[in-house]
Amino acid sequence: MEKSFETAIVHNSLINTSNIHSKTTPIYQTSAFTFQSLEALEEFYQGNIPYLYSRTGNPNTDELGQAVARLEGAPDGVATSSGLSAILAGILAVASAGDHIVAADDIYGGTHHLLKHELKELGIETTFIPFKDASMIRKAIQSNTKLLYSETVTNPFLRIENVTELVRIAKEFQLCTMVDNTFATPYLLQPFIDGVDIVAHSATKYIGGHSDVTAGVIVGTETLMAKARQKVVNLGTNLSPFEAWLTSRGLKTLALRMERQATNAQLLAESLTNHSNVKRVYYPENLSTKGNGAIVTIELGEAVDIHQFFSSLGWVKLVPTLAGVETTVSYPFGTSHRSLTLEEQESIGINQWVIRISVGIEDSADIIKQFKRAIEAAL
Ligand SMILES: *Cc1c(COP(=O)(O)O)cnc(C)c1O
């Protein structure tokens, strides 16, 4: 039967794809999946056909979740629409109304807000305390506590969490542990292998690596990931197929990028350490055998005019994110930590001279030159 123009234009899709073997995973840019028959639909519900509707599952998002899970040494992983929605899904897999969380007080601002305001409104309370001191963690645990929450490396001062100690305390009180491993990535640290139940990533950062997607991933035990997946499906915080595909593509070069960026960061940190107009350099030591990460935070001397410094950085752009292949700077005083009072900022070490540097893959000598020149120009 001949189709009319109007019908043909809609029903234009190719072909039988079973003989096409593309080298990379195609983008399954589809909201749903078709079924040949009612029997095939039944097969889906029996678990023999994987996909029905993209919010409930899509090959590209599954590919990303599974890839990060493998790199973290975890049995399962779920990709979501952002780092924050990954963290939300992970928390809701463990806690519900009436439960309590103990969280480190120096976690990412967005996560702090999620716990302090959004989850509080939903009946989940959080106590924030300095995790430097294990006795304070123990003291904060209540009879309804379900979760200890922290980050493997914190922002912007790069405190390294004592994951082993956290897991030990959690076991003692039969709690779950969840850590955000965004800054370290599984290239440097694998907290699931150290006993953490859920590991979260803002894949917007190093996993994607190219500043072109917003995405998140959580990995963990099969039971917890099954629960988290249900939250993502029911809250509608799934990742789009195209963004999952871009993130999976970025992930392929994670090891190369991190190796290079961490080496560059180490060299930059060393070159600024005894600089007469740099008051402090924050850079982790002994983070992992493969390097200390690619973020360097500095506090410039008071002789440096901060406006002049930022406008003298040339190709190093001011941008409120991190982890791309380009070296960038961010300004905690004016962005991530601006809502804190001056006393709060002071107590954690933030002031107008603190700069967070996300070191890229450029030539290290060029990066160092760029910062030394900008400091010079701002005196
Ligand atoms: C950026 C970031 C997040 C939030 O991720 P989004 O992708 O922006 O939702 C969470 N944790 C850390 C450590 C981050 O740097």
Side-chain angles (χ1 to χ4, degrees), residues 78 80-157 159-163 165-183 191 195-202 216-221 224-225 227-228 230-232 235 237 332 336-341 343-345 347-348 350:
V78 183
T80 74
S81 60
S82 68
L84 213 50
S85 68
I87 293 165
L88 175 65
I91 290 173
L92 293 180
V94 175
S96 53
D99 290 340
H100 176 252
I101 296 169
V102 178
D105 64 356
D106 52 357
I107 56 175
Y108 177 74
T111 311
H112 190 268
H113 183 97
L114 173 73
L115 289 162
K116 188 173 176 192
H117 299 288
E118 304 299 338
L119 288 173
K120 184 165 190 237
E121 280 181 25
L122 299 177
I124 300 170
E125 294 266 355
T126 301
T127 305
F128 297 94
I129 44 161
F131 271 28
K132 276 189 291 256
D133 182 352
S135 74
M136 289 190 72
I137 303 177
R138 281 195 171 80
K139 259 185 237 148
I141 294 169
Q142 311 173 359
S143 60
N144 61 341
T145 303
K146 288 285 158 63
L147 180 68
L148 301 182
Y149 185 93
S150 189
E151 296 172 355
T152 48
V153 180
T154 65
N155 172 38
F157 296 116
R159 178 179 69 82
I160 302 172
E161 186 57 86
N162 187 342
V163 168
E165 181 67 16
L166 212 57
V167 169
R168 186 181 305 131
I169 298 171
K171 290 235 165 81
E172 203 179 299
F173 292 86
Q174 295 183 326
L175 310 176
C176 278
T177 45
M178 179 167 170
V179 297
D180 180 332
N181 197 30
T182 299
F183 275 38
V196 166
D197 300 293
I198 302 177
V199 179
H201 285 278
S202 170
V217 179
I218 37 170
V219 308
T221 60
L224 287 172
M225 288 305 103
K227 283 192 192 163
Q230 278 314 305
K231 296 297 173 190
V232 172
L235 295 171
T237 53
S336 53
H337 294 70
R338 76 178 292 144
S339 61
L340 302 186
T341 63
E343 294 81 64
E344 284 173 328
Q345 287 174 337
S347 77
I348 56 174
I350 303 275

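By the 4.5 Å heavy-atom criterion applied to side chains, Val196 and Thr152 are not counted as neighbours. Side-chain contact check for Ile87 versus Leu115: every heavy-atom pair is 4.5 Å or farther apart. Within the 4.5 Å cutoff, the side chain of Gln230 has no heavy atoms near those of the Lys227 side chain. Residues Pro191 and Val167 have side chains not in contact (no heavy-atom distance under 4.5 Å, counting atoms from C-beta outward). You'll find the side chain of Leu148 reaches within 4.5 Å of the side chain of Ile137, heavy atoms only.
Among pairs with a residue in residues 125-145, those fulfilling ring-ring contact (aromatic ring centres under 6.0 Å, His included) read His112-Phe128, at least two apart in sequence or across chains. The stretch residues 82-92 participates, sequence neighbours left out, in no salt bridge (Lys or Arg N to Asp or Glu O under 4.0 Å) pair at all. The stretch residues 83-98 participates, sequence neighbours left out, in no salt bridge (Lys or Arg N to Asp or Glu O under 4.0 Å) pair at all. Residue pairs that meet the salt bridge (Lys or Arg N to Asp or Glu O under 4.0 Å) test with at least one member in residues 92-121, sequence neighbours left out, are Asp99-Lys146, Asp106-Arg159.
When all heavy atoms are compared, the tightest approach of Phe157 to Ile348 is CE1-O, 2.8 Å. Across all non-hydrogen atoms, the minimal contact from Gly195 to Thr177 is O-OG1, 4.0 Å. What you find for Ala228 and Ala93 is that their closest heavy atoms are N-CB, 3.8 Å. Looking at every heavy atom in both residues, Thr126 comes nearest to Ala103 through CG2-CB, 3.7 Å. For Ile218 against Met225, the heavy-atom pair with the smallest separation is O-SD, 3.6 Å. The shortest heavy-atom contact between Thr127 and Ala140 is CG2-CB, 4.2 Å.
Atom CD of Gln174 is surrounded by 12 or fewer heavy atoms from other residues, nucleotides or ligands within 6.0 Å.
The backbone N or O of Ser202 lies less than 3.5 Å from a partner atom in the side chain of Thr182, making a donor-acceptor pair.
A distance of 5.0 Å separates CG of Leu224 from SG of Cys176, quoted to the nearest 0.5 Å. One distance of note links CD of Glu161 with CG of Asp180; it measures 11.5 Å at 0.5 Å rounding. Note that the CD1 atom of Ile141 and the NE2 atom of His100 stand 9.5 Å from one another [nearest 0.5 Å].
In this structure Glu343 satisfies the salt bridge (charged side-chain N to carboxylate O under 4.0 Å, His left out) test with no other residue, sequence neighbours excluded. Residues passing the salt bridge (charged side-chain N to carboxylate O under 4.0 Å, His left out) test with Arg338: none are found, sequence neighbours excluded.
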Problem - Evaluation steps, side chain to side chain contact (heavy atoms under 4.5 Å, CB included), between Met178 and Val94 - result: CA-CA 10 Å; Met178 179 167 170; Val94 175; over 6 Å; no
Exercise for the section: Please step through side chain to side chain contact (heavy atoms under 4.5 Å, CB included) for the pair Leu119 and Leu88, ending with a clear verdict. Expected result: CA-CA 9 Å; Leu119 288 173; Leu88 175 65; 3.9 Å; yes
Practice task
Before giving the answer on side chain to side chain contact (heavy atoms under 4.5 Å, CB included), spell out for Thr111 and Tyr149 the whole-Å C-alpha distance, their side-chain angles and the decisive distance to 0.1 Å.
Solution key: CA-CA 10 Å; Thr111 311; Tyr149 185 93; 3.6 Å; yes
Practice task
Starting from the C-alpha separation in whole Å, work towards a yes-or-no answer on side chain to side chain contact (heavy atoms under 4.5 Å, CB included) for Arg138 and Glu172.
Solution key: CA-CA 10 Å; Arg138 281 195 171 80; Glu172 203 179 299; 2.8 Å; yes
